[in-house]
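A note on names: the letters A, B, ... follow the listed sequences, proteins ahead of strands, and every chain is numbered from 1.
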Amino acid sequence: MTEKLILIDGNSLAFRAFYALPLLKNTAGIHTNAVYGFTLLLEKIIKDEQPTHFLVAFDAGKTTFRHATYKDYKGGRQKTPQELSEQFPYIRKLVEAYHIKHYELPNYEADDIIGTLSKEATANKMETIIITGDRDLTQLVNDHVSVYYTKKGVTDIDHYTPAFIHEKYGFGPEKIIDLKGLMGDTSDNIPGVPGVGEKTAIKLLLEYGTVEEVIAHLDDIKGKKLNENLTLHQADALMSKELATINTAAPIEVSLADTLITEDSTDNKIELFKSLEFKQMLGSLDTAPQAEEVAAIELASLEEINLDNRTSILIDCFKENYLKNEILPLAISDGNKTAVITADAIARNDTLAAYLSDDSKPKVVYDAKKTTVLLNRLGVEIKGIEFDITLASYLLDPSNTIIDVAEIARLEGKSLTSNDQIFGKGAKMAIPSDDVLNDYFAKQAVTVLELSAILKDKLEKNEQLALHDELELPLALVLAKMEMRGITVNKDELAAMQHELQGRLDTLISSIHSHAGQEFNINSPKQLGVVLFEDLKLPIIKKTKTGYSTAVDVLEVLQGKHPIIDDILIYRQLSKLQSTYVEGLQKMIGSDGRIHTRFNQVLAQTGRLSSVDPNLQNIPIRLDEGRKIRKAFTAAKPGWVIFAADYSQIELRVLAHITGDASMSEAFINGTDIHTKTAMEVFDVEKDEVTPNMRRQAKAVNFGIVYGISDYGLSQSLGISRKAAQKFIDDYLASFPNVKQYMDDIIQQAKQDEFVSTLMKRRRYIPDITSRNFNLRGFAERTAMNTPIQGSAADIIKLAMVNYDKAVKATEFSAELLLQVHDELIFEVPEEEVEAFSLFVKDIMEHALPLNVPLLVESDFGQSWYDAK
DNA sequence: AGGGTCACGC
DNA sequence: GACGTACGTGACCCTA
């Protein structure tokens, strides 16, 4: 193998990383951003360069031999901030964890260590790369040595080679010190010659070669002021050159041989990353099978499992959709022995089936909803699930992207083979041999049991155990039933719509093509852009990264300028309906005539649910054209109806509750229309003076408050300037002083805790709240303000679902809960029950979580979802 | 396969 | 001044 040496200027890169990244902090209160940036850099270098030798050099102390030459060397420098200096010990630990040598030498700078070693490497013709955020080091460049200079942050890097330097300056690396001598360096307080900057210095050096030669030719130098400055400051120039010159013969006690990388174990890294809480890094560590990977598990027989112990139950299916895909074996572990049984044999094994259905036997699982559905498909109703590590991991930090047991294991610093490693990815996915599969499932079961104890502990510390036990886990079982139940969708209805829509689309396509004078793909924004803005020469309103924007707001501006625009707008609307809903939904109707969506309970950062395969939370409603899709969603049986109950203004009611704002609360108590009330306050008018336009604007502001949009977002939705939007927000906050107070307080709290919480103690971490990047911080602040509102609303409807499920069992209602759409629940109900059921559901939803303002639930029913409006 | 763009819901 | 600005899912295009 060819040898390659990496030399890192530790101090300068620590500074770079510190100023490039937001001020991260771990729970112990130690700042970690510079360490994190340093880690990213090390990872990148090791991956990209694959060095054989490596050394990180640090500055030793305040004074160096250069101070003897010039006492003000590096004078006037700002003190290193405490937030950075406390990180240096960890950076050293980090370097050690990578088994990389680090070195510092009293009286010398990191530069000199690097210079001395690079000289030795060059003598040995060893390829060397110096990484630094300081341009001084570029003087060391030669045919064997290149310098990677971080321009910005730690990843934007210039590669200084002899050719690069020639290109940039017109001379070689050996003249960098002359350049510094003439122009000086403010950051190191090197004086140079006044009035000489980079441009002048380069010109002089190209003409005369060196500082000494410039001085020797003072008489030839034109320009009165320049000549005067050079004459007056020749000594400074010579001294500056000396200061800038790196010592390549420092008395270092390391040799090239010491920098050889000999070991590559991840143990120390795991420990350090855990303490620093670098979850991402921990995750990426274990991609390759580790030495500590447990050997194949010895499988026990089912009879050997102690069913009096708490057990972990691990069952899965091939690919994502557990509602229909092939079911794989089940593994069960009691913490001592682990057994695996095929899916077919589960229901036939009476002991196991009885155990699984026994509510008094505690079980822990990886995904309660999936587990419940899969076992249900096998004819077993599982009871007694008391802990779900997927839910736990999500509740501890909703930004955890939980894809398999291995992912949760990684987050906790444990190692396990991943699903991808066992099954493969994409088209190559396949079920492995029984041996491999059984071993993998057994290992997962063991890991689930281990993790459950750890995660439960953490939830307890966060006071989130009730959130898991009483909200999310029971909800998972409610959702499992909803998913299995599905909702009836009338295929003929959709087929009829498809036919009608296709006729209209065909007409529109011909019309658009004839307006354009050519045939093209209207669905391609790229082709459409060319037609509109090049061929038809319409004015360009907005551009995207890749070309012209053809989004709706752009097309609306162009309306009236060309008849093609109206056609395109209608085409867009109809083709969306056609492809996503009319055609898309038909494909999803099962043999039972129903669509079975899956709710993702551990994805949305705010605590909301999401819906996939298909998404039934975004069925059109705003425009009647689209709303008609809902006609296809019907009750299953004759005499049954679709019943929909939705919370009115739940987020704003939560806001009134959290802030305790009197005038807002009053509006809800008195049943005043909240948008009218907002308009009254913001525009300072009486109720009967509120115009429809004022109400519309007030509604947009309320929308903005609920969704945490920016002044920019509000300006877009109202079609006004950003300044005017900001004024609206200011007026709003002046009108509702408690809301203003809340917004200020929650940002402070987020800064202190780095997370915000909902009424049910759901958390969301907001590390960017301390970012020095204006945009990131602004975004983080809006997240901090919005999440408790939206997340508490999510808590409330989830609680209502759990309470409903519990309460309905004790009634005679045969109604079934089908869907949840954030603030709305959809049921199918026998028509004769509707009246009583409506009161029942309204009561449960309105009292799910008592607030200081009333919650209001409105409902309706009809033959289809369309009619339940 | 993965990104970008667009559009639907709350 | 900062250059991208609620959260999701999915269809389609286009490039790889």
Watson-Crick/G-U partner (both atom distances under 3.5 Å) of B/dG4: C/dC12
Pair assignment for C/dC3, Watson-Crick or G-U wobble, requiring both distances under 3.5 Å: none
Does the pair A/Glu651 and A/Tyr707 meet the rule for a side-chain hydrogen bond (donor to acceptor under 3.5 Å, both in side chains), with working shown? CA-CA 9 Å; A/Glu651 284 95 352; A/Tyr707 287 115; 4.8 Å; no
Can you sort out the partners of A/Glu83 under salt bridge (Lys or Arg N to Asp or Glu O under 4.0 Å), two or more places apart, ordered by chain and number? none
Can you tell me how far [atom1] in [N] sits from the matching atom in [M], rounded to whole Å?
{"N": "B/dC8", "M": "C/dA6", "atom1": "C1'", "value": "15 Å"}
{"N": "C/dT5", "M": "B/dG4", "atom1": "P", "value": "12 Å"}
{"N": "C/dA2", "M": "B/dA7", "atom1": "C1'", "value": "31 Å"}

Rounded distance in Å - CG (A/Leu528) to C1' (B/dA7): 14 Å
Is there a stack between A/Tyr707 and C/dA6, judged by ring centres under 5.5 Å and planes under 30°?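 Taking the rule of under 5.5 Å and under 30°, the ring of A/Tyr707 does not stack on C/dA6.
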Taking OP1 and OP2 of [N], is either one under 4.0 Å from a side-chain nitrogen or oxygen of [X]?
{"X": "A/Arg622", "N": "B/dC10", "answer": "yes"}
{"X": "A/Thr606", "N": "C/dA6", "answer": "no"}
{"X": "A/Ser710", "N": "C/dA6", "answer": "yes"}

Aromatic ring pairing A/Tyr548/A/Phe533, orientation class (parallel under 30°, perpendicular over 60°, tilted between): tilted
Could you check whether A/Arg594 pairs with A/Glu828 (Lys NZ or Arg NE/NH1/NH2 to Asp/Glu carboxylate O, under 4.0 Å)?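 Yes, A/Arg594 and A/Glu828 are salt-bridged.
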Treat primed atoms plus P, OP1 and OP2 as sugar-phosphate and everything else as base, then score nucleotides 9-16 of chain C 5' to 3': B for base contact with protein heavy atoms under 4.0 Å, S for sugar-phosphate contact only, - for none. BBSSSSS-
Mark yes or no for a side-chain to base donor-acceptor pair under 3.5 Å between A/Arg572 and B/dC6, with no hydrogen or angle criteria applied. no
